[in-house]
Amino acid sequence: MNTRDTSHLASLSPFELKDELIKLAGSASNRLMLNAGRGNPNFLATVPRHGFWQLGLFAMVESERSFSYLAEGVGGFPRREGIDERFDLFARSHAEVPGVKFLAGAVSFVRDQLGLDSGDFLYEMCAGILACSYPVPDRMLKLSEAIVKQYIRKEMIGGRPYGGDFDLYAVEGGTAAMTYLFNSMKVNHLLKAGDVIALGKPIFTPYIEIPELSEFGLTELAIDADAANGWQYPEKELDKLRDPKVKAFFLVNPSNPPSVKVSDKSLEYLAGIVKDRPDLIILTDDVYGTFADNFVSLFALCPRNTLLVYSYSKYFGATGWRLGVIATDKSNIFDEKIAQLPKAERDDLNKRYSSITTEPEKLPFIDRVVADSRTVALNHTAGLSTPQQVQMVLFSLFSLMDTTESYKKAMKRLIRGRKAALYRGMGAAAQAVDENVVDYYTLLDVEQMSREVGADFVKWLLASIKPHELLFRLAEEAGVVLLPGKGFGTLHPSGRVSLANLNEQDYVKIGQCVRKLRDEYLERYRQQQGGAAKGR
Ligand SMILES: *Cc1c(COP(=O)(O)O)cnc(C)c1O
């Protein structure tokens with residue numbers, strides 16, 4: 001029996017602890033490591049990537065079309081005039097090349113469905129992919145913003161009535177969005193040291209760790225999801241947001257690690273709370289929303305209060321691209337709160353932003369976030385690199401044009417098939433169908449591993465194991481790496497199994513390893529019980 005002392009590792013973030021587990025799991029050289037600790041998907045969207053490379057080739061032809069120093073390797077800017085016709089020719093003469101049909105379809109879609117000028121679109125895309133100008137406007141390229149807005153509307157608002165309009169800031173992934181937002185909320189006095197912020201737990205660990213940093217000094221209040229009720233937030237927990245001391249509510253929806261979306265009922269309940277708390281700041285990180293059925297963001301219900309963060313990393317298998325957006329409604333409480341700050345603070349902020357606008361008091365919060373991302377003084381070079389914006393646009397168009405949702409259905413089949421494989425491996429019945437379950441991750445806790453054995457065994461097991469003991473034994477003895485659910489703010493010991501990054505057969509094997517380990521403890525439990533019975 002392994003008696004490794006793991007107590008000194010208890011304070012590590014799950015992502016740091018993972019490195020320890022990987023070392024153990026990799027130590028037996030003749031064994032395959034099964035690392036289900038990573039959220040990084042092992043799939044990627046091919047069509048919009050093909051489109052990107054073909055667009056790049058077309059843009060190169062555009063650049064080299066009429067420049068005197070071609071032989072020396074010098075090209076020029078693409079030309080707006082006639083770009084439509086030249087693209088048509090390119091598309092027709094390369095019709096069989098992967099990605100070209102998609103690109104030609106995208107140009108028609110932008111023109112016919114979105115009502116944008118296809119020549120302007122091609123010009124923005126060609127200049128963008130050639131990366132020959134700073135991103136202007138810095139918040140986001142113009143047509144790119146219009147197109148990505150349609151995508152965000154479709155995926156985050158869906159059929160929900162929403163009469164407003166919103167702005168987007170294209171950023172280097174969801175994590176950059178978090179960094180920028182935390183910083184600008186602090187600089188603009190929306191959050192001050194000592195303020196109470198509520199976290200919908202369990203939650204992606206940076207949302208726990210960032211507010212605790214000394215430069216933020218925020219006080220955290222947990223809004224705990226109920227594992228026994230499909231990881232939904234009980235109304236009693238949500239009611240904590242009614243306390244005016246709570247300045248902000250941070251939510252990951254669908255959650256990480258349970259990977260469950262907030263139910264429609266809870267969303268409505270939250271919207272009701274916000275009616276009574278019109279000053280409450282909400283940040284919702286909806287990175288996994290695109291994997292859910294009929295997803296609606298809290299942003300759609302409470303647009304005035306909500307900062308929406310979305311990332312392309314997971315759904316398009318594009319973590320290396322660093323693509324994300326921040327969205328704010330054009331009419332929002334952030335601008336209003338800034339306008340209502342005490343005079344001294346407003347004067348201070350007006351001075352801060354006076355180098356970029358003659359009317360700094362009118363600068364919307366989202367544009368302050370852009371400026372702050374480059375310490376204001378470097379605002380003229382702010383913004384996401386233009387090729388990144390081009391790929392973001394192509395990902396968005398790919399999804400918008402997919403009227404039968406074939407990509408989305410494939411994504412769901414893929415991750416749900418892996419979960420079924422995991423449970424098959426454990427010899428456990430598949431979980432009951434729950435429309436809110438997304439399955440990008442799944443949490444295995446002791447209850448789940450042992451449901452069919454009985455509550456007494458679960459109690460005994462929880463009392464007899466040390467922190468992380470099961471995770472360390474899985475790593476060392478079976479080469480299986482899972483992340484500890486505890487670090488994400490779960491209330492019971494558990495392991496997060498990422499369903500994104502291994503193949504179906506691997507999940508069967510992981511399930512079998514978990515089962516084997518469980519059976520070993522069960523054996524021990526039965527021996528002890530037998531001994532106790534005899535002694536009586
Ligand atoms: C994976 C993940 C991210 C990462 O976003 P990037 O776009 O890759 O920076 C953000 N938020 C949550 C909740 C995640 O799980």
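When a ligand or atom number is given, it counts from 1 through the structure's own listing order.
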Item to complete: Establish, for the pair K149 and F166, whether the NZ or CZ atom is under 6.0 angstrom from the six-membered ring centre and no further than 45 degrees off its axis.
Response: yes
Worksheet, complete the sentence: The protein heavy atom nearest to atom 5 (O) of ligand 1 is G174 N, 3.6 Å
Worksheet item: Can you tell me the protein heavy atom closest to atom 11 (N) of ligand 1 and the distance?
Response: D285 OD2, 2.7 Å
Worksheet item: For V252, is the nearest heavy atom under 4.0 Å from an atom of ligand 1?
Response: yes
Worksheet, complete the sentence: Logged contact type for K314 with ligand 1, heavy-atom cut-off 4.0 Å, is side chain
Practice prompt. Mind checking whether Y312 contacts ligand 1 via backbone (N, CA, C, O), side chain (CB onward), both or neither, at a 4.0 Å heavy-atom cut-off?
Written response: neither
Response to the item:
For atom 15 (O) of ligand 1, the closest protein heavy atom turns out to be Y288 OH, 2.5 Å
Worksheet item: Relative to each other, are the rings of F52 and W321 parallel, tilted or perpendicular (30° and 60° limits)?
Response: perpendicular
Worksheet item: Cation over ring, R242 on Y269, under 6.0 Å and within 45°?
Response: yes
Worksheet item: Has ligand 1 got any nitrogen or oxygen that is less than 3.5 angstrom from a nitrogen or oxygen of T175?
Response: yes
Worksheet item: Taking the six-membered ring of F216 as reference, does the NZ or CZ atom of K186 fall below 6.0 Å from its centre and within a 45° cone about the axis?
Response: yes
Worksheet entry | Side chains of L283 and L251 in contact at under 4.5 Å (non-hydrogen atoms) | no
Fill in: salt_bridge(K240, E235) N-O dist < 4.0 Å
no
Worksheet item: Could an N or O of ligand 1 be found under 3.5 Å from any N or O of Y207, whether backbone or side chain?
Response: no
Discussion item. With nothing but distance in play, are any N or O atoms of R322 less than 3.5 Å from an N or O of ligand 1?
Written reply: yes
Worksheet, complete the sentence: The closest protein heavy-atom partner of atom 8 (O) of ligand 1 is S313 OG, 2.7 Å
Worksheet item: Is it true that R473 and E476 have a side-chain N and a carboxylate O under 4.0 angstrom from each other?
Response: no
Worksheet item: Can you list the atoms of ligand 1 that are under 4.0 Å from a heavy atom of G173?
Response: 7 (O), 9 (O)
Practice prompt. Kindly give the heavy-atom pair with the smallest separation between V287 and K314, and that separation in Å.
Written response: CG1-CG, 3.6 Å
Item to complete: For S311, counting its heavy atoms only, list the atoms of ligand 1 lying under 4.0 Å from any of them.
Response: 5 (O), 6 (P), 7 (O)
